[in-house]
Amino acid sequence: MSEISKAYEPQAVEEKWYARWLEDRCFAADPASPKPAYSIVIPPPNVTGMLTLGHVLNNTIQDILARRARMLGREVLWLPGTDHAGIATQTVVERKLRKEEGKTRRDLGREAFLERVLEWKEKHGGIIIAQLKKLGCTCDWARERFTMDADYSRQVQEVFVKLYNKGLIYRGKRMVNWCPVSLTALSDEEVIMKPQNGSLYHMKYELVEHPGQFLEIATTRPETLMGDTAVAVHPHDERYKHLIGSHVWRPFPKAAIPIIGDEHIDPTFGTGVLKVTPAHDKADFEIGQRHGLEVIDVFHPNATLNELAGPEFAGMDRFAARKAAVEKLREMGLMVREEPYQNNVGYSERADVPIEPRLSEQWFLKYPQVDKSLEAVNSGIVKFRPERWAHVYDHWMQNIQDWCISRQLWWGHRIPVWYRNDNPACVHVDTTAPADPENWTQEEDVLDTWFSSWLWPFATMDAETRAKFYPTADLVTGPDIIFFWVARMIMAGYEFTGQEPFANVFFTGLIRDMSGRKMSKSLGNSPDPLDLIAKYGADGIRFGLLRIAPQGQDIRFDEKQVEEGRNFANKLWNAARFRQMHGPSAPEVNLEGLPLSSYSLDILSKLQALIVNVNAAYDEYRFNEVAQSLYDFFWSEYCDNYVEAAKTEIFSEDPSAKASALAVMDFVLSHFLRLLQPFMPHLAAELWATFGFQAPQHGREHLMYAAWPNADLLAGIAPQRLASGSERAASVYQAVRLARNLRAEVRIPSNKKARFHLKPQPEWVAQESETFARLINAESVGLQPDYEPARGEPGVLTPLGELYLPLEGLVDASAELERIKKEIAKVEAELVTVRKKLSNSNFVQNAPAAVVDEHRKREIDWSEKLAQLQKMEQTLGA
RNA sequence: GCGAGCUUAGCUCAGUGGUAGAGCGGCAGAUUUACAUUCUGUUGGUCGGGGGUUCAAAUCCCUCAGCUCGCACCA
């Protein structure tokens with residue numbers, strides 16, 4: 001190892017280890033294992049998708065959970081796979097077809113088109129899976145599933161048939177959200193409301209019964225007026241109620257349409273008169289139903305106008321028609337005015353165009369198990385983290401609407417329904433076609449992709465796997481798919497397995513760019529994670545991202561953070577190099593009977609505290625806290641403090657002292673690498689192997705199967721021994737900080753040896769003075785209990801005693817005095833604060849005894865310090 | 001309109017009742033034999049405003065403001 005580069009080079013190491021893990025089948029889950037099960041199903045990414053930073057965050061968390069569970073002795077299943085992403089994938093292939101061959105899918109026909117989609121899938125389908133492997137994910141790849149697998153498809157159809165037979169699935173002509181680009185219905189969840197700057201047009205319709213009199217109407221959509229079949233007013237509206245029952249002229253195509261009264265109308269909005277277009281607005285449709293109005297659809301499916309709109313509009317796009325209709329109204333003298341107006345318009349999530357409310361024949365699902373699913377989250381059977389997302393879930397579940405599950409696409413699960421040719425009302429609903437297929441026609445529509453993904457936690461498992469691993473333990477996903485996926489999975493779990501699909505749902509934050517914008521392809525503000533992996537290593541990006549990913553808060557991504565992850569990896573690498581340079585490591589260390597320095601006792605205590613902290617953080621899914629604890633411990637405690645202090649022993653003439661320090665390093669490193677493994681698996685494995693540490697505790701040789709460190713690992717060392725070691729070490733480290741500061745104040749460069757004098761305070765100072773001297777780069781530290789500093793000699797009060805830095809020649813006594821005075825002022829301020837508290841009888845009476853005692857101790861400490869500082873001040877010649 | 005979250009150092013963020021923290025940046029110094037992807041020192045905050053509860057508030061409550069995000073929606 002010492003011949004290897006001074007800097008850690010992750011690429012080769014990461015590839016090597018991933019290949020070895022695969023070769024040794026480290027990720028395989030065994031349903032026959034006697035070990036307790038731990039399982040996660042991956043949120044299936046789109047089969048043709050590419051890895052985003054969101055995926056990196058999400059899957060790293062899953063990997064961390066899976067890796068830790070293995071070390072805790074669980075039989076782990078992390079089940080991977082992809083979904084077929086109906087609209088997204090079909091759209092991509094259609095676009096390609098149009099661009100390269102000038103054809104539509106209908107030119108090819110259903111079967112030939114689906115072959116093209118499959119070709120596309122074969123070509124691009126493996127990419128994201130390969131990318132997850134680069135990240136180090138320990139999915140059981142042999143179990144990779146796809147929502148269009150034959151077996152999975154069969155289960156989707158079975159579920160459809162079951163729900164149909166229960167009467168929960170029905171077909172009906174309803175108003176749905178229609179995407180005029182994808183030419184399919186969408187569920188309510190796939191529609192995004194966006195504010196639009198448009199106009200509110202005031203126009204007037206002539207009263208049929210009172211020629212020459214007009215009714216003024218405000219609308220944002222004049223292009224639909226050709227489909228108006230009524231105008232409506234509030235039944236109690238004094239301005240208009242006398243007109244109810246009479247008629248107005250629809251200007252074009254000219255027709256008399258009734259004036260009706262309906263409670264839905266808000267008299268305070270616009271003119272208080274609503275044009276009613278039942279074919280093109282959800283609310284209007286309902287009004288139409290209540291009043292038995294005619295429904296006139298003036299649009300083609302692609303949102304161009306049809307013949308019913310009149311010959312001059314037929315074939316015109318809806319937005320061109322808006323202008324044309326306004327122009328025509330103007331010509332007819334019916335346009336009163338146009339005012340700027342902002343309203344919300346529903347957009348198709350995928351195609352990003354305004355959806356059209358459209359009346360069409362669709363399949364709907366009345367959600368099953370709603371009450372039970374609500375209760376599961378409310379009672380904590382399924383625990384949401386952070387808990388606040390339970391409110392969002394609750395609200396949606398309480399206001400749940402039937403789910404439009406049919407899509408007018410070809411790429412997806414075709415609905416298992418056949419209509420009899422001679423009588424379409426007669427249907428055959430089954431997972432198999434009718435025995436006389438020539439007499440039947442299968443439903444053209446396919447199912448919403450989410451209608452397959454909601455079965456994911458169990459439809460991906462065979463019976464044996466299910467018996468061992470279902471329900472799963474944790475689900476890790478984004479809060480943006482609570483409705484799309486999480487809620488539906490809970491309902492499906494209860495409906496089809498009788499069990500909740502998972503015990504915990506951990507919602508990650510969204511990753512944003514530095515200006516707080518969501519990362520998206522169109523904005524181009526999303527860095528390619530593969531580039532980052534190439535630059536910083538998978539371990540670097542994993543650690544860097546997790547360290548700044550607080551529980552459920554959005555994350556502002558900065559490449560700097562990944563750089564820090566890489567730097568941390570390098571720090572570990574070099575700490576390991578340092579250890580390797582001083583001899584081979586022991587595969588296992590026994591601390592008992594070992595002479596241990598104060599610093600060793602201290603770092604061991606800190607290691608123990610680290611394990612406790614890390615476990616507590618894991619219990620609450622606080623991954624950033626785990627990462628931060630690991631970082632602080634290793635960089636500050638181990639490298640900055642311990643390794644530097646231990647150099648006294650490492651370079652000493654006493655072989656037993658050296659052996660002790662090296663053994664402690666081995667002990668700390670072997671435990672630390674285990675704690676680190678879930679976050680930085682490749683580097684941890686590499687170093688583990690380099691050191692030759694043993695790991696067979698759970699039956700496999702790899703670090704990832706080593707036992708998770710036990711928090712009582714120091715049981716063999718007396719607690720008071722640990723405590724006194726830590727106390728000494730803390731005093732020395734504190735004194736070192738003060739001494740270095742003193743050096744800097746008097747401008748002695750950090751590489752220049754300096755001579756110090758110390759009036760030792762604790763009786764043990766002599767035993768630590770060598771290390772102290774090393775840490776402050778002292779030529780010598782003279783221990784002189786009755787040292788009398790020269791007038792104006794710079795000094796500082798440390799936990800080890802008064803420390804002086806005699807300087808030959810020029811010393812600015814007044815500057816030195818100034819420094820001490822500043823210090824005194826600080827201490828006095830602290831004393832004022834603490835004394836104020838202690839003199840408050842309410843505080844002394846009401847505060848817990850421990851807090852009061854602590855303040856009393858604080859007062860004594862500050863007082864002593866003040867006394868000494870004042871003495872130093874006097875010496876300086878105040 | 002309803003709901004949620006956020007507001008702490010120049011920047012990104014930890015910190016949920018008991019002495020305000022980290023990283024980065026800035027500034028100063030150092031190639032001290034593991035590491036310049038480094039080390040040492042240092043600068044920097046009346047914890048968004050106001051009010052309240054409490055012996056004690058960044059932390060709990062109320063209120064206001066700003067910024068995000070859901071849900072609903074008047075044409």
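In what follows, chains carry the letters A, B, and so on, assigned in the order in which the sequence lines appear, proteins first and then strands, with residues in each chain numbered from 1.
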Would you call A/Glu356-A/Arg358 a salt bridge at under 4.0 Å N-O? no
Between the protein and nucleotides 3-8 of chain B, list every N/O to N/O distance that falls short of 3.5 Å.
{"residue": "B/G5", "atom": "O2'", "partner": "A/Gln553", "partner atom": "OE1", "Å": "3.3"}

Mark yes or no for a side-chain to base donor-acceptor pair under 3.5 Å between A/Glu644 and B/A34, with no hydrogen or angle criteria applied. yes
Checking all strands, does A/Arg221 fall into the base, sugar-phosphate, or nothing category for heavy-atom contacts under 4.0 angstrom? nothing
Got a donor-acceptor contact below 3.5 angstrom from the A/Glu14 side chain to the A/Ala538 backbone? yes
note: A/Gln561, atom CD; B/A14, atom P; distance rounded to Å ~ 11 Å
Pairwise C1' distance for B/C62 and B/G10, with rounding to whole Å: 33 Å
A/Ala575 side chain, from C-beta outward: closest of B/C74, B/A34, B/G23: B/A34
Selected nucleotide, minimal atom distance to A/Trp862 side chain, candidates B/G18, B/A75, B/U19: B/U19
Which part of the nucleic acid does A/Glu745 contact within heavy-atom distance under 4.0 Å: base, sugar-phosphate only, or nothing? nothing
So, are A/Arg488 and A/Glu189 salt-bridged, with charged N and O less than 4.0 Å apart? yes
Among the candidates B/U37, B/C39, B/C24, find the nucleotide nearest to the side-chain atoms of A/Glu564. B/C24
Please give the distance between the C1' atoms of B/A30 and B/C67 as a whole number of Å. 44 Å
Using the P atoms only, state how far B/C13 lies from B/U33, rounded to an integer number of Å. 39 Å
Strictly below 4.0 Å: does A/Asn846 bring a side-chain N or O up to OP1 or OP2 of B/A56? no
Does A/Tyr341 place a side-chain N or O at less than 4.0 Å from the phosphate oxygens OP1/OP2 of B/A75? yes
So does A/Asn840 reach the base of B/C55 with its side chain, donor to acceptor, closer than 3.5 Å? no
Distance-only donor-acceptor test, A/Arg566 side-chain atoms vs B/U37 base atoms, 3.5 Å: yes
Please determine whether a side-chain nitrogen of the Lys or Arg among A/Glu559 and A/Lys535 lies less than 4.0 Å from a carboxylate oxygen of the Asp or Glu. yes
Of all the choices, B/U19, B/G41, B/G70, which nucleotide is nearest to the side chain of A/Val392 once you look at every atom? B/G70
Side-chain N or O of A/Asn567 closer than 4.0 Å to phosphate OP1/OP2 of B/U38: yes
NA contact type, A/Asp281, heavy-atom cut-off 4.0 Å: base, sugar-phosphate, or nothing? nothing
For B/U38 and B/U43, measure between their P atoms and round to the nearest Å. 22 Å
Can you give me the dot-bracket string for RNA chain B, 5' to 3', counting Watson-Crick and G-U wobble pairs with both distances under 3.5 Å, using [ ] for crossing pairs and | for partners on another strand? ((((((((.[[[[.)..(..]]]].(((((.......))))).....[[[[[..)....]]]]])))))))....
In this structure, how many angstroms lie between the C1' atom of B/A56 and the CD atom of A/Glu854, rounded? 13 Å
Of A/Phe568 and A/Arg556, whose nearest nucleotide on RNA chain B comes first from the 5' end? A/Arg556
Note: A/Arg337-A/Glu339 ion pair, threshold 4.0 Å (strictly below): yes
As a test of reading the structure: which of B/A56, B/U37, B/A75 is closest to the side chain of A/Ala7, going by heavy atoms? B/U37
Can you confirm whether A/Lys275 sits close enough to A/Thr277 that some side-chain heavy atom of one is under 4.5 Å from a side-chain heavy atom of the other? yes
Looking at B/U37, I'd like to know if its phosphate oxygens (OP1 or OP2) sit under 4.0 Å from a side-chain N or O belonging to A/Trp635. no
C1'-based separation of B/G45 from B/U8 [nearest Å]: 7 Å
OP1 or OP2 of B/C73 under 4.0 Å from side-chain N/O of A/Lys282: no
Just to confirm, is there a sub-4.0 Å distance from OP1 or OP2 of B/G15 to any side-chain nitrogen or oxygen of A/Arg622? yes
Specify the separation, in whole Å, of atom CG of A/Leu662 and atom C1' of B/A34. 13 Å
Is the shortest distance from a Lys or Arg side-chain nitrogen in A/Lys857 or A/Asp861 to a carboxylate oxygen in the other one below 4.0 Å? yes
Taking the same atom, P, in B/U16 and in B/U59, what whole-Å distance lies between them? 12 Å
Is A/Lys560 salt-bridged to A/Asp558, cutoff N-O under 4.0 Å? no
May I have the distance from A/Asp237 (atom CG) to B/A75 (atom P), rounded to whole angstrom? 18 Å
Answer with base, sugar-phosphate or nothing: what part of the nucleic acid does A/Phe651 contact at a heavy-atom distance below 4.0 Å? nothing
In whole angstrom, give me the gap between the C1' atoms of B/C6 and B/G15. 15 Å
In whole angstroms, the gap separating P of B/A75 from OH of A/Tyr201 amounts to 14 Å
Under 4.0 Å, counting only non-hydrogen atoms across every strand here, what does A/Lys647 touch: a base, just sugar-phosphate, or nothing? base
Remember a base hit wins even if backbone is also touched, and classify A/Ile548 as base, sugar-phosphate or nothing at under 4.0 Å, heavy atoms. nothing
If you only use heavy atoms from C-beta on, which nucleotide in B/A75, B/A22, B/C55 is closest to the side chain of A/Phe843? B/C55
Give the C-alpha distance, both sets of side-chain angles, the deciding distance and a yes or no for side chain to side chain contact (heavy atoms under 4.5 Å, CB included) between A/Ser199 and A/Tyr341. CA-CA 5 Å; A/Ser199 298; A/Tyr341 183 69; 5.5 Å; no
What nucleic acid atoms does A/Val643 come within less than 4.0 Å of, heavy atoms only: base, sugar-phosphate, or nothing? base
Electrostatic pair A/Lys752:A/Glu779 at N-O distance under 4.0 angstrom: no
Is A/Asp554 salt-bridged to A/Arg512, going by a charged N under 4.0 Å from an acidic O? yes
For B/A14 and B/U32, measure between their P atoms and round to the nearest Å. 38 Å
Taking the six-membered ring for Trp and the full ring for Phe, Tyr or His, determine whether the centres of A/His582 and A/Phe651 are under 6.0 Å apart. yes
Closest to the A/Asn741 side chain: B/A75, B/C35, B/G41? B/G41
Identify whether any heavy atom of A/Arg747 sits under 4.0 Å from a base atom; if not, whether one sits that close to sugar-phosphate; answer base, sugar-phosphate or nothing. sugar-phosphate
Using a 4.0 Å heavy-atom cut-off across all strands, classify A/Asn343 as base, sugar-phosphate, or nothing. sugar-phosphate
As a test of reading the structure: which of B/C35, B/U32, B/C39 is closest to the side chain of A/Asn751, going by heavy atoms? B/U32
What's A/Pro848 touching, base or sugar-phosphate or nothing? Going by heavy atoms closer than 4.0 Å. base
More 5' along RNA chain B: A/Pro749 or A/Asn777, using each one's nearest nucleotide? A/Pro749
Do the side-chain N or O atoms of A/Asn842 get closer than 4.0 angstrom to the phosphate oxygens (OP1, OP2) of B/A56? no
Name the residue from A/Ile217, A/Val231, A/Asp284 that meets the side-chain contact (heavy atoms from CB on, under 4.5 Å) definition with A/Leu274. A/Asp284
Hey, are A/Glu286 and A/Lys282 close enough for a salt bridge, meaning a charged N less than 4.0 Å from a carboxylate O? no
I'd like to know if A/Lys560 reaches the base of B/C24 with its side chain such that a donor and an acceptor end up less than 3.5 angstrom apart. no
